[in-house]
Every structure is written in structure tokens, then in C-alpha cells.
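This report concerns only the one structure given below.
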Protein chains: 2
Amino acid sequence: MAPAELDDVLRGASSRRFAAGETVFEQGQLATEFFVLLNGRLKVTQVTPEGQQIVVRMVNSGDLFGIAKALRRPDYPGTATAVVESLVLEWPMANWDSFMRDHPAMAVNAIQTMGGRLQEAHTRMRELATEEVERRIAHAVLRLGQQSGKKEAGCIRIDFPISKQDIAEMTGTTLHTVSRVLTAWETAGLIEGGRQKLLIKEPHKLLLIGDGRMPGLL
Amino acid sequence: MAPAELDDVLRGASSRRFAAGETVFEQGQLATEFFVLLNGRLKVTQVTPEGQQIVVRMVNSGDLFGIAKALRRPDYPGTATAVVESLVLEWPMANWDSFMRDHPAMAVNAIQTMGGRLQEAHTRMRELATEEVERRIAHAVLRLGQQSGKKEAGCIRIDFPISKQDIAEMTGTTLHTVSRVLTAWETAGLIEGGRQKLLIKEPHKLLLIGDGRMPGLL
DNA sequence: CGGATTGTTGAGGATACTCAAGTTAGGTGG
DNA sequence: CCACCTAACTTGAGTATCCTCAACAATCCG
């Protein structure tokens, strides 16, 4: 995008800071803004009518989020919560249509963002539909590592806090089952430091478990 | 879209007919075309490395499909099979970028198509993660009715053949369980004619089951 | 230091899968 | 038009996975 064009786009934006635990927007709220995450980490969750929660996705630096307009919805379909201190850029949703019209590069970008999400959603659907719990957890942990992990000498560090409850809500299982699985993995030396900043010590073995090419430790 | 613009778009297209059971494209194949379904009904499936199949979605008249480019993929991620005789319009994938660039209306359309699919994918994810089998089947059947059913005096007719295997692959369960559930529903008078053209006789009761506000018949 | 949140671990049981054997429906060819 | 054949479905029994319930332990945070 040309610098002049970029200027034009940024002129409409304002930035905001969120502390860990604060929410950027809540499920059901009227969608008055859309956002880009500049820095930090968010999780997007949904609550079912019965009160069960699921984690829809994690938002990483650079990601577009809260684009209810693209889904033709007046409200946000989920809640976005900062898991670490985060900085976001926000635009009035009223700008969305004109942005799409006047900046084809942004439209293409939006399409590709949605394409990526659609693929991930399909992957998770397939996992939920066909895989047993331990494999789903392996895939979820590996995905976290890929999307927001840092390599450290063959290991992968997930450097933001992720609770077992969160992992359960990503994989359609319970806190209890996640605890049992991760304990078994830690005992076998595949991972470490479950509580705050998970370290994947043997990504390769986790991958084997995820693909069902290794027995599983339960 | 202006008639002249539409003409321009249609010039690049060719149409093709598929008999029931024929495939429009197969998973893994190089994506050389994208499509619009003019008439008929398709299902899009994926096969897991272990050989399990899942139904990703049904394609209805007017739907855009096979848009691998929007997902930044060189190949089709799934297989599209005609479930009834179908007519499709196809364009060389090479036209995709120029279409998006030159016809903002098409870009907006593509975004909204993807938005709709993303929402459906999230809904199914949530169902798979939190609901028990009978409720998932209820939701899947109701979704089929909404997307491609015809109202007949308070009932809803799904007028294309749908096997129990297909429903199982939509809901992450087995043929056997689907059979037991549908048999129970048919006995209770909620549905009829499971084999070829399913008739939903009591959509309201199915909705109650889907939402967990009715005991379930297993 | 104390309360709250988060995680651990065990026992028991329900849901839904697997395996297995039969049945029905639908299409095909004689 | 009927007989046959195959694919789709039905139904039962046994069982595995994973959930629920429950009590306790550890960690975090002010």
C-alpha cells in the first residue's frame, strides 16, 4: 500500500491499551468498531446458551479482529479478552465499507485473513469430529506453538499464560482430562512448566501423537 | 453490478453438467478453476490421513465454491461431488485476482460468502465441542432444512438424497448412531422417509431437542 | 499470610463406539 | 416386470473412552 494511502487509512484510527484480563469487546455487544492487534495477545471466546464456554481462536500481533461487518452481523459474535497486556488499533465500523471500496489491497487482505481462519476452523472441525481427546490436545498445543511460540534450541516456548481450562475449551474436553494428559506428557518429558509458560520439549513426539502414529500416554 | 460489467465477467466462464455421483474436483488436485453452482446440489467432503471422511458443507444454487485462491492454496482442500444432477459455471483461477481487483462488488461478495461459511464453521465447532450426539444430529438436520429445504404445510422437505452415512460425517458420529436416533424420531413422528427425501414433520420439536430443552428420545 | 483461583487425582458410570449379523431398499439386467 | 445383487440400513451386545462428582493440593496475589 502506498504511504499516502496508508496515511489515509491510519488517520481514522485510534489506539487503546488493555491490561491482561480486560475485554476489548463482549459477545452480543453492538459492533461499533473493528480492530488490529498491534502488540500482545488476545483470546476470542463464545458462551453457549447453556453457559459452556469455548475458545474460538487466539489473536496474534498484526491480526485483524472484530470484523463483524464481514460476517454481516450487527453484533460481535464472541468476546475478546487480553491474556497479556495488549495494544490495539481501532476504527469505527462505519469506515469498513468505504475501506473495502477504496482500498482493494485491504479487501484482498480481509479475504485472505478470512481464508486463513476458515481453514483453521475446518481443521478444528475435522479434529473434533474424528480424533480422540489426546490427539486433539496434541494438535491444539502444537497449533499454539506454531502461531505464537518461540523456538529455543529445538524446543518451543509459548510465552503467554494458558490455563488447562483454556486448552479444554479449545479441544472440546474438560479441565480434568487436559490435566491428566499434560501430566502424563510432562512425566514422559514431552513438555514442561504447564502452569504459566508452557515449553514443548519434544515437538516431534507430540506430532506423532497428534497424527496417531504413536500410542498415546493415557 | 452493471449489465456491461456482468457481461465482461460472464465472458470468461464456461458451463458444465455433472450427473449425480460425479465429482467436480478432488481433494489435493491443482486448483485451476473456481465455480458457481447454477443448479443442483453438491457436497464437499474431506478425507483424513486415516481415511475417515467428513462432510464440510453442502453447496446450494448460487453458491461460489472451489475458491482455493482465497485460502491461498494451490490445491483444492476438499472434494466436490454432485448429489443430484447439477450445472456449474467455471472460470480459470487465473481470472481470480483480476476479478477481485476490477470488480469491487465481487470482492465484497466473496468476503460475505466467506463470512457466512466462517460463521457456519464456528457454529459446527461449538456443536462438536459441547453438544451430545442427538443434539448435533438435530442441528445438522435442521440446518439442511434451512439451507436447502422446501416448506410443505408446516413440514420441511429435504428434496435430495441424503444418506445416514452423510449425516454421520456431518456430525462426527457413526452411521449406527444416526440410524438409532432417526429411527427413534420417526417412531415418535418427528420425521419421515429417512431413506431418500427426508421430511421434517415437527421442526419445532426438533429445535427443542437441538437446544436441549426436550429430553431426547434415546 | 490467607483467601481464591487453578490444578490433581481417584472412583464410578454414561454415552456412544466397535463388532457382528441380519434386513430392507433400490437399481439393474434378463 | 420380476429376480437378483449390491449398497444402505437396522439392531443387539459388549466395551472403551471420557465425563461427572468429589475431595484434596498447589499456586497466585494482594
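Order of the sequence lines fixes the chain letters, A, B, ..., with proteins taken first and strands second; residue numbering starts at 1 for each chain.
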Would B/Ile162 and B/Met170 count as a side-chain contact (heavy atoms from CB on, under 4.5 Å) here? Give the steps. CA-CA 11 Å; B/Ile162 183 89; B/Met170 289 176 191; 3.7 Å; yes

Is any side-chain N of the basic residue among B/Glu127 and B/Arg135 closer than 4.0 Å to the acidic one's carboxylate O? no

Salt bridge or not between A/Glu33 and A/Arg16? Use side-chain N to carboxylate O under 4.0 Å. no

With ring pair (Phe, Tyr, Trp, His ring centres under 6.0 Å) as the test, pick out the partner of B/Phe35 among B/Phe18, B/Trp91, B/Phe25. B/Phe25

Verify the distance criterion only: is there a donor paired with an acceptor across the side chains of A/Arg73 and B/Gln119 at less than 3.5 Å? yes

Between B/Gln46 and A/His122, is any side-chain donor less than 3.5 angstrom from a side-chain acceptor? no

In this structure, how many angstroms lie between the P atom of C/dA25 and the CD atom of B/Glu192, rounded? 14 Å

Just checking B/Gly216: base, sugar-phosphate only, or nothing, at a heavy-atom cut-off of under 4.0 Å? nothing

Nucleotide D/dC18, atom P - distance to CD1 of A/Ile167 in whole Å: 16 Å

Between P of D/dC28 and NZ of A/Lys197, the distance in whole Å: 12 Å

Within the 4.0 Å limit for protein heavy atoms, which parts of nucleotides 9-14 of chain D are touched? Write it as a string from 5' to 3', B for base, S for sugar-phosphate only, - for none. SSBBB-

Roughly, in whole Å, what's the span from CD in B/Glu132 to C1' in C/dC17? 15 Å

Interatomic distance where CD belongs to A/Glu134 and C1' belongs to D/dC19 [whole Å]: 16 Å

Would you mind reading off the distance between A/Ile137 atom CD1 and C/dG7 atom P, rounded to a whole angstrom? 13 Å

Round to the nearest Å and state the distance from A/Gln53 atom CD to C/dT6 atom P. 11 Å

In whole angstroms, the gap separating C1' of C/dC17 from CD of B/Glu169 amounts to 16 Å

Using a cut-off of 4.0 Å on non-hydrogen atoms, how would the nucleic acid contact of B/Gly193 be classed: base, sugar-phosphate, or nothing? nothing

